[in-house]
2 protein chains.
Amino acid sequence: MRAPSKTMTLSNPSVDEANALVEKALSQKWTLILVGNCIVHYAGRAKSTLGAGERILIVKEDGAILVHRPLGYEPVNWQPSGCIIHTRKENSVLEVKAIRRKPLEHVRVTFTSIYLAAAFSLKDSAGFVLNASEEDMQRAILLKPSLLEEGFKPISYEKKVEPGFVDVYGEDEKGRLVVVEIKRKTAGKEAVLQLAKYIEAIKSKINREVRGVLAAPNLAKDAHRLLETLNLQYKTLSPTKCAETLRKDLDKKLEEFIN
Amino acid sequence: MRAPSKTMTLSNPSVDEANALVEKALSQKWTLILVGNCIVHYAGRAKSTLGAGERILIVKEDGAILVHRPLGYEPVNWQPSGCIIHTRKENSVLEVKAIRRKPLEHVRVTFTSIYLAAAFSLKDSAGFVLNASEEDMQRAILLKPSLLEEGFKPISYEKKVEPGFVDVYGEDEKGRLVVVEIKRKTAGKEAVLQLAKYIEAIKSKINREVRGVLAAPNLAKDAHRLLETLNLQYKTLSPTKCAETLRKDLDKKLEEFIN
DNA sequence: ATATGCATGTCGCAC
DNA sequence: GTGCGACGTGCATAT
């Protein structure tokens, strides 16, 4: 299926032609792509200058802009959504400028030559589903506490304990309190300290034995040492395994629902 | 200046036409842009699915890929540079797949219709200069210690003190040790705790008065309270001011060099 | 290879 | 609006 009415494309346009297309794209809130030789200036929280070179500029409907060099994952310059976009022809160059309030900053892209100017009215209402996040791990433990350890009984989650929130909070088979800190990737010293902080806070309030368990797919070596020093524990827990557990449970629930 | 030999552009191509362009772009290591209706699958550290919708796909020369929806700063799916890219026509759809080793993961973008297929040989060797980073703040303090406080004398920087590295380490006008923690944005509790950690480590080794100073453009309210509790200090320090200081010094040095 | 901390991080969520 | 932590964070750097 073609959608010619929803696209504008110019190959090797003049600055005037490109400027007209950009103005039209902005006024209609279309997504804009420019490819060409440009320089970029940014000033705001920090400040940057990028000399002349060939790059891709994307301006989205919501005022987000991205400048991509031919290499690398990250944009060299950008501005998040919510910017006000200006365009103008200045002498023989095309200038696209994004201004953001709070914090006040701006990116200015100045094109001296343009290889492609294109604009699109893109429709995208699809849902995005991500599995194996830290939240999935938390839900998996709540659903199947034996993932953490046999006999574990969750009491609450995201419980506020002054310095922050405990991921999961429960009791072990011997009735001792257990504080669980979850990390979806290798846990470092930071994670251990975070857990220790919560334990301290709880111990200072309740006169009762409290165990700390760090659940993560992996543990950094230094973190392991620190964990032992602080008398805390570690449980290997893989995010993808957790996601799997949740998926199976969902399948079961669906089956029950059908029957 | 035009550069037609370095660009290929197809508006509303058939899947076959687009596939041919993509293959050519990949084999020549050109930067590739596809705009059209697609679905996206990702599996690796996590797992995701994105239903049908209109998006922009960028494949860079170095194997980085980005899938951008019409809204927002962030790509909805991506892969950093170093991926191996495959493309193929399957029935009436175009499939572009990026595979990464370490960690092993992949993104698969399946186009059912294509509004634009374009490829470019982009040249970009310009330097990128960024000012007002945390490193700039550190260098500014070392260059002009009075930015921190009158009479401050730096001794070292990035000094290892067991749990990590002290940003700047010196003496105040009364000969007391000063440990400085720098943050380029609002400092939260985390920053305060980091500083406290260093102070503790140093105090436990040296029997001498030690002051802790948190230098940041701003201080979170809770962090302020914590700072007072721990008897630490705060000094307002703006990254842009620091960058300015460095720039002026550079100007001076250049002038001296010329004379 | 692993670990550690910065980033113009961005984003979402709770207060 | 502020604060706080997660992120498929990515990235450089030091060990």
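Below, read A as the first sequence line, B as the second, and so on, with proteins coming before strands; counting in each chain starts at 1.
- Atom CG of A:Asn218 and atom P of D:dG8 are 19 Å apart (whole Å).
- Rounded to a whole angstrom, the distance from the P atom of D:dG8 to that of D:dC4 is 23 Å.
- For the pair B:Trp78 and D:dG10, the criterion of a side-chain N or O lying under 4.0 Å from OP1 or OP2 is met.
- DNA chain D forms stems at C:1-7 with D:9-15, C:9-15 with D:1-7, each a run of 3 or more consecutive Watson-Crick or G-U wobble pairs whose two key distances fall under 3.5 Å.
- Comparing D:dG8, C:dT4, C:dT10 by their nearest atom to the side chain of A:Asp222 picks out C:dT4.
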Listed pairs, N/O of protein and of nucleotides 11-14 of chain C, under 3.5 Å:
residue: C:dC11; atom: OP1; partner: B:Tyr73; partner atom: N; Å: 3.4

Item to complete: Assess whether salt bridge (charged side-chain N to carboxylate O under 4.0 Å, His left out) is satisfied between A:Lys123 and B:Glu54, documenting all intermediate values.
Response: CA-CA 5 Å; A:Lys123 285 218 171 10; B:Glu54 298 173 339; over 6 Å; no
Practice prompt. Under the side chain to side chain contact (heavy atoms under 4.5 Å, CB included) rule, what do B:Leu214 and B:Leu219 come out as? Steps first, then yes or no, please.
Written response: CA-CA 9 Å; B:Leu214 182 55; B:Leu219 189 59; 3.8 Å; yes
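- Across all strands shown, B:Phe128 has heavy atoms under 4.0 Å from base atoms, whether or not it also approaches the sugar-phosphate.
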Worksheet item: How far apart are the C-alpha atoms of B:Glu181 and B:Lys183, what are their side-chain angles, what is the distance that settles it, and do they pass the salt bridge (charged side-chain N to carboxylate O under 4.0 Å, His left out) test?
Response: CA-CA 7 Å; B:Glu181 175 66 31; B:Lys183 286 284 166 245; 3.2 Å; yes
Worksheet item: Do A:Arg45 and A:Glu105 pass the salt bridge (charged side-chain N to carboxylate O under 4.0 Å, His left out) test, and can you show the C-alpha distance, the side-chain angles, and the key distance before you say yes or no?
Response: CA-CA 7 Å; A:Arg45 287 163 296 175; A:Glu105 49 185 3; 2.9 Å; yes
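- Within residues 131-144 of chain B, the residues that have a heavy atom under 4.0 Å from DNA chain C are, in order of number, B:Ser133, B:Glu134.
- With C:dT8, C:dA3, D:dA6 as the candidates, the nucleotide lying closest to the side chain of A:Glu181 is D:dA6.
- Between the side chains of B:Ser48 and A:Asn131, no donor N or O sits under 3.5 Å from an acceptor N or O.
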Worksheet item: A:Phe128 and A:Leu130: side chain to side chain contact (heavy atoms under 4.5 Å, CB included), yes or no, with the steps?
Response: CA-CA 7 Å; A:Phe128 178 69; A:Leu130 179 70; 4.1 Å; yes
Discussion item. If you apply the rule side chain to side chain contact (heavy atoms under 4.5 Å, CB included), what do you find for A:Leu237 with A:Ile141, and how did you get there?
Written reply: CA-CA 10 Å; A:Leu237 192 65; A:Ile141 289 178; 3.6 Å; yes
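- B:Leu193 places none of its side-chain heavy atoms less than 4.5 Å from the side chain of B:Leu195.
- No contact: A:Glu190 has no heavy atom under 4.0 Å from any strand.
- For C:dT2, neither phosphate oxygen OP1 nor OP2 lies less than 4.0 angstrom from any side-chain nitrogen or oxygen of A:Lys185.
- No donor-acceptor contact under 3.5 angstrom links the side chains of B:Gln138 and B:Tyr157, judged on distance only.
- Taking the nucleotide of DNA chain D with the nearest heavy atom to each of B:Ala187 and B:Val107, the more 5' of the two is matched to B:Ala187.
- Side-chain contact between B:Val180 and B:Leu148 is present, with at least one heavy-atom pair separated by less than 4.5 Å.
- Proximity note for A:Tyr42 (side chain, C-beta onward) versus D:dG8, D:dG3, C:dT8: the nearest is C:dT8.
- One finds no side-chain N or O of A:Arg225 lying less than 4.0 angstrom from the OP1 or OP2 phosphate oxygen of C:dA3.
- Between A:Arg101 and the phosphate of D:dG1, there is no side-chain N or O to OP1/OP2 separation shorter than 4.0 Å.
- The separation between B:Asn77 atom CG and D:dC7 atom P is 16 Å, rounded to whole Å.
- Note on A:Lys47: nothing from the nucleic acid sits closer than 4.0 angstrom, heavy atoms only.
- Note on B:Lys189: a side-chain N or O is less than 4.0 Å away from OP1 or OP2 of D:dC4.
- Judged by distance alone, with hydrogens and angles left aside, the side-chain atoms of A:Tyr234 form a donor-acceptor pair with the main-chain N or O of A:Ala216 at under 3.5 Å.
- Remark: the backbone N or O of B:Arg69 is paired with a side-chain donor or acceptor of A:Lys60 at under 3.5 angstrom.
- Taking 4.0 angstrom as the limit, A:Lys183 places a side-chain polar atom (N or O) nearer than this to OP1 or OP2 of D:dA6.
- The separation of C:dT8 from C:dT4, taken at their P atoms, amounts to 23 Å, rounded to a whole angstrom.
- Applying the 4.0 Å criterion to OP1 and OP2 of C:dG9, one finds that B:Arg184 has a side-chain N or O inside that range.
- Mapped onto DNA chain C by nearest heavy atom, A:Ser48 and B:Lys197 fall at different nucleotides, with B:Lys197 at the one closer to the 5' end.
- Within 6.0 Å of CG in B:Asp251 there are more than 12 heavy atoms belonging to other residues, nucleotides or ligands.
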